[in-house]
There are 2 protein chains.
Amino acid sequence: MARPGVELIRRQQLIDATLKIIEEYGFQGATIGKIAGASGLSVGIVSHYFGGKQGLLEATMRYLLSCLQQDVSTLMAGRPNTPRERLMAIVDANFSGVQTHAQSAKTWLAFWTQAMHSPDLMRLQRINERRLLSNLMSYLRQLMPADQVRPTAQTIAAMIDGFWLRAAMSEGRIEPGQAVALCKTYIDQAIQANNGAS
Amino acid sequence: MARPGVELIRRQQLIDATLKIIEEYGFQGATIGKIAGASGLSVGIVSHYFGGKQGLLEATMRYLLSCLQQDVSTLMAGRPNTPRERLMAIVDANFSGVQTHAQSAKTWLAFWTQAMHSPDLMRLQRINERRLLSNLMSYLRQLMPADQVRPTAQTIAAMIDGFWLRAAMSEGRIEPGQAVALCKTYIDQAIQANNGAS
DNA sequence: TTCATTTTGTTGAACGTGTATTCAATTTGA
DNA sequence: TCAAATTGAATACACGTTCAACAAAATGAA
């Protein structure tokens, strides 16, 4: 065991190759052979480090989710600590980094679809969903009546998902800036509409 | 040729079976064998009537889109002819009928994902997308400044897609009524926000 | 009506392709 | 020299397609 990090390196190589291949060929076309080829390793290595194809796919989704999580943390750090600014940071994070390119949107969509029929992936998906929702709600609570908080958060979450979908569909020429702007416009509208009495 | 409708009957049998199997097993698990079994017919019949699996899948998506189209027309017919009411009817239509059940949402998601890597399905998807958008825009144009029309329509479309996604995820207990209400709330907020000067 | 003939509709076993997995052999590095 | 790491050909399985054979229905002649 020369380098104790060999395993981590190999695992990341395979995850990177998996993302690349899914982007190019879709979930169906992502075979062990192609992934191994793209990673410069052999087909046998997959079973060795991940126990099989399913394990590799789950690890890849876990990786994507952790990237998203990190984007949120990073963008939060550099913003003023007002509820509105925090909400805007969440929106930015959800369209930044890994999420920016149409390719990534496609990959997310592929994983979502796969999650429908895989309890493990579904569980990961749900955790992520709950985190986004409770994040949004904690800031909205400071900006509007309590009974408006949950519906507004659900609407924002639906908008984010919806724009991702459209990004995945629009084949290359996606404009995350526009999606971000529209989400932000909605947030301001919602804040204003629920404070109109003041 | 006693019944000239035999072909239509068989085609619909196979399409119905395809929907059922995709709901249960997902796109990946939808094999010719399972579909044929569910329809009570043999595997050979698929190639006979649809030329192959791909043809059956395309016909099934075409059928789903036509159902949606019909829902829109039906709900339009029984509403007052004001722009706002028409917009609400579009929202209702997109969450009614076939779209109501979580199962259908799963099937839609499966087709969307598949469309990423199939030009034919992508074309169908685009046509549907454009129809929804231009529909929304034609009514929004009567309710707000011209430069707000397109962004607002895109936001509504994203919300509808987003709620579909969440419906697909929420495994059974979906509440289309809530999604409809939230979409309608947004529409009224948007109308109000863009006419505040009056 | 009855039976033969043709046309149409249907079957499912056989085939070929593609893929995940396995594991004995090989290489690598300390 | 040994143990860890890696290979990739061999294996087994699942799936879509094909097509020769079969069944059903329609036609037409007696």
What's the [atom1]-[atom2] distance between [X] and [N], to the nearest Å?
X: A:Leu14; N: D:dA5; atom1: CG; atom2: P; value: 14 Å
X: B:His48; N: D:dC22; atom1: NE2; atom2: C1'; value: 14 Å
X: B:Phe27; N: D:dC15; atom1: CZ; atom2: C1'; value: 15 Å
X: B:Ile21; N: D:dC15; atom1: CD1; atom2: P; value: 12 Å
X: B:Phe50; N: C:dT10; atom1: CZ; atom2: P; value: 12 Å

Check: A:Ala115 main-chain N/O paired with A:Ser118 side-chain donor or acceptor under 3.5 Å =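 Not confirmed, A:Ser118 side chain does not pair with A:Ala115 backbone.
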
Any donor-acceptor pair under 3.5 Å linking the side chain of B:Arg141 with the backbone of B:Ala146?
-> no

Step by step, would you call A:Trp164 with A:Trp112 a ring-ring contact (aromatic ring centres under 6.0 Å, His included)?
-> CA-CA 12 Å; A:Trp164 273 11; A:Trp112 276 337; 5.7 Å; yes

Donor-acceptor side-chain pairing of B:Gln12 and B:Asp16 below 3.5 angstrom =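 Checked: B:Gln12/B:Asp16 side chains pair up, N/O donor to acceptor below 3.5 Å.
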
Going by atom types alone, do B:Gln28 and A:Gln114 pair a side-chain donor with an acceptor below 3.5 Å?
->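 B:Gln28 vs A:Gln114: donor-acceptor pair found between side chains.
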
Would you indicate what B:Tyr49 reaches in the nucleic acid, counting non-hydrogen atoms under 4.0 angstrom: base, sugar-phosphate, or nothing?
->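 The answer is sugar-phosphate, as B:Tyr49 gets under 4.0 Å only of primed atoms, P, OP1 or OP2.
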
What does the list of N/O pairs under 3.5 Å between the protein and nucleotides 18-24 of chain C look like, with a distance for each?
residue, atom, partner, partner atom, Å
C:dA20, OP1, A:Lys53, NZ, 2.6
C:dA20, OP2, A:Ile32, N, 2.8
C:dT21, OP2, A:Lys53, N, 2.9

Cationic N near anionic O, under 4.0 Å, A:Lys20 to A:Glu24 | no

Any B:Arg10 side-chain N or O less than 4.0 Å from OP1/OP2 of C:dT10 =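 True: B:Arg10 side-chain N/O within range (under 4.0 Å) of C:dT10 OP1/OP2.
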
